[in-house]
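A quick write-up on the structure given underneath.
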Amino acid sequence: MKNVNFISLILGFALLVTACKSGINSTTKNALSANTLLETRYKMLLDYPVDSMSMPRSMNTKTLEIRKVPSKDWTSGFFAGNLWQLYRLTGDSKYKEKAQKWTPFSKKESVNSNSHDVGFKVFCSFGEALKVENKKEYEAVIVKGAETLCTRFNSKVGLIRSWDFNKEIWDYPVIIDNMMNLELLFEASKISGNPKYRDVAIKHANTTLKNQFREDNSCYHVIDYNPATGEVRKKTTLQGYNDDSVWARGQAWAVYGFTMSYRYTKNPAYLKQAEGTAKFFMTNKNLPEDGIPYWDFKDPNIPNSPRDVSAAMVMASALYELYSYTKNDTYLVFADKLMTSVQTDRYILDPKIKAPFLFDHSTGNWPKHDEIDEPIIYADYYFLEALIKVQRLKGSK
């Protein structure tokens, strides 16, 4: 674990410099303590037993029960992705060996057309694997997944359909989360040379850009369409406080999704939207001082509302990439602030808790009272991804 400590110290130093410039209270002692806590937690990922039906999703810290899911769950690809990312960060072959065991469990999701989250399930596992091992078998799974995802695309609507449930409520629901699945399509076109997947991704992004955002650059969670005409039926939510509220993770998905889409297309409209929603998030009056948002910016119970570390980590990862295109220091400083905030004993999961998670205090689905103020796997995934982006940024300077 010497490599983990070295990388953590490099990141800790960089974040401390930024913290001093930003007026964030932080000390070298706290940074070193956080490094130790994280090293302890990293090792616990290796201790988690391999089981195709038990991908770790979240944990109830009161009962210490781990929520385990099969590959069909939208979060199933993150654990393998975490292991691949830890291998890239540390060079420790133990993470690679464990990742190789977990990754194949997601393969069958490349042909599961009942879900719009093929991208999350396949690309967060096989996509991360491909960054380490250039194997044709990984490429084939990604292309097959893209082909499957395209079966949910309606050319009249110009979007990939999200959910198939609640048909009595929605005709053709599309959620902002769906922007995250476009990376699978863009990469599949690069791998295969088939422009079909890229074209579908661009059409989805363009229609989302047209209909999903408010004048203040915040986004709705769900837009329901008429599948026959492509017209908007209603703008609503499932995971926000109400239809007009601002679900924090949704805003992070939007910034990430359009920043990522800019990476592949260089469409300035995508970059403009990513910047607009990032500004809305970063300057929101209800954002806590440490930058870790409440689960919904308009929850009337603020400041007595649960936070969402996962939203913060998605945003941090997005902002590092956004900075790389714009060179706007505001994004770099804010992303560093988020990373500094979570790397404290306030957010790192208690080392006494034996579980394959890094952080506490994420919120999954507040309206359903599901996964509230708990460790959730995708918070860890986007934290590790952000670490890799920090490493890349520091190396380019």
Side-chain angles (χ1 to χ4, degrees), residues 4-5 7-9 11-45 56 58-64 66 82 248-249 252 281-282 284-297 299 301-317 319-320 333-364 366 371-387 390:
V4 175
N5 193 45
I7 290 168
S8 298
L9 286 173
L11 177 64
F13 177 76
L15 295 181
L16 284 169
V17 171
T18 304
C20 291
K21 291 180 179 179
S22 310
I24 302 169
N25 293 323
S26 184
T27 66
T28 303
K29 181 179 179 181
N30 287 340
L32 292 174
S33 175
N35 292 339
T36 301
L37 289 172
L38 282 172
E39 284 189 36
T40 299
R41 299 238 58 88
Y42 292 159
K43 294 176 183 177
M44 291 186 192
L45 274 69
S58 59
M59 181 180 191
N60 185 318
T61 54
K62 296 181 179 63
T63 65
L64 301 183
I66 295 174
N82 288 349
R249 193 163 65 252
F281 188 106
M282 294 187 299
N284 194 281
K285 66 178 182 179
N286 285 333
L287 187 70
E289 185 177 353
D290 67 359
I292 310 302
Y294 299 106
W295 75 279
D296 192 302
F297 284 107
D299 183 349
N301 293 314
I302 291 174
N304 300 312
S305 300
R307 304 287 193 95
D308 188 4
V309 167
S310 74
M313 293 300 91
V314 173
M315 182 61 75
S317 182
L319 290 177
Y320 283 130
V333 170
F334 192 84
D336 281 352
K337 175 180 179 177
L338 294 175
M339 296 292 279
T340 300
S341 294
V342 298
Q343 292 184 84
T344 61
D345 57 10
R346 178 178 181 180
Y347 292 104
I348 299 173
L349 191 60
D350 189 324
K352 295 178 183 177
I353 296 177
K354 308 300 181 184
F357 304 103
L358 307 181
F359 299 103
D360 200 353
H361 307 304
S362 288
T363 297
W366 186 88
E371 296 175 324
I372 308 301
D373 196 32
E374 294 182 356
I376 303 180
I377 195 71
Y378 42 85
D380 302 344
Y381 178 90
Y382 290 104
F383 167 76
L384 294 170
E385 184 180 77
L387 281 186
V390 168

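We use all heavy atoms of the structure for the numbers below, so side chains are in, but hydrogens, waters and symmetry mates are not. As the structure is a prediction and not an experimental result, all values here were calculated from the model.
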What heavy-atom pair brings [X] and [Y] nearest, and what distance separates the two atoms?
X: Ala335; Y: Ala316; value: CB-O, 3.8 Å
X: Ser317; Y: Glu385; value: OG-OE1, 2.5 Å
X: Pro356; Y: Pro56; value: CG-CB, 3.7 Å
X: Glu371; Y: Ser58; value: OE2-OG, 2.6 Å
X: Pro293; Y: Ala311; value: CG-CB, 4.0 Å
X: Tyr294; Y: Pro303; value: OH-CB, 3.3 Å

Across all chains, not counting sequence neighbours, the side-chain contact (heavy atoms from CB on, under 4.5 Å) partners of Asn301 are Asp299, Ser305
Working to the nearest 0.5 Å, report the span between [atom1] of [X] and [atom2] of [Y].
X: Met59; Y: Ser362; atom1: CE; atom2: OG; answer: 14.0 Å
X: Asp308; Y: Arg249; atom1: CG; atom2: CZ; answer: 5.0 Å
X: Ile377; Y: Tyr382; atom1: CD1; atom2: OH; answer: 11.5 Å
X: Asp360; Y: Ile348; atom1: CG; atom2: CD1; answer: 11.0 Å
X: Phe297; Y: Lys285; atom1: CZ; atom2: NZ; answer: 12.5 Å
X: Leu37; Y: Asp345; atom1: CG; atom2: CG; answer: 6.5 Å

Check whether any side-chain heavy atom of [X] sits under 4.5 Å from a side-chain heavy atom of [Y], and report yes or no.
X: Tyr42; Y: Leu384; value: yes
X: Leu338; Y: Met313; value: yes
X: Ser310; Y: Phe359; value: no
X: Asp380; Y: Leu45; value: no
X: Asp373; Y: Thr61; value: no
X: Leu38; Y: Phe383; value: yes

On the 0 to 90° scale, with breaks at 30° and 60°, tag the Tyr347-His361 ring pair as parallel, tilted or perpendicular.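 Ring orientation of Tyr347 relative to His361: perpendicular.
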Ignoring hydrogens and angles, tell me if any N or O in the side chain of Thr40 forms a donor-acceptor pair with the backbone of Thr36 under 3.5 Å.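 Answer holds: yes.
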Using a 3.5 Å distance criterion without hydrogens, assess whether the side chain of Thr344 forms a donor-acceptor pair with backbone atoms of Ser341. yes
side-chain contact (heavy atoms from CB on, under 4.5 Å) partner of Leu349, the single match among Lys354, Glu374, Arg41: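 Output: one option passes, namely Arg41.
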Ion pair Asp290/Arg346, N-O distance below 4.0 Å: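 Yes, charged N to carboxylate O under 4.0 Å.
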In chain order, what residues pass the ring pair (Phe, Tyr, Trp, His ring centres under 6.0 Å) check against Phe357, with sequence neighbours excluded? none
Yes or no on side-chain contact (heavy atoms from CB on, under 4.5 Å) for Asp336 and Val333, after CA distance, side-chain angles and deciding distance? CA-CA 5 Å; Asp336 281 352; Val333 170; 5.8 Å; no
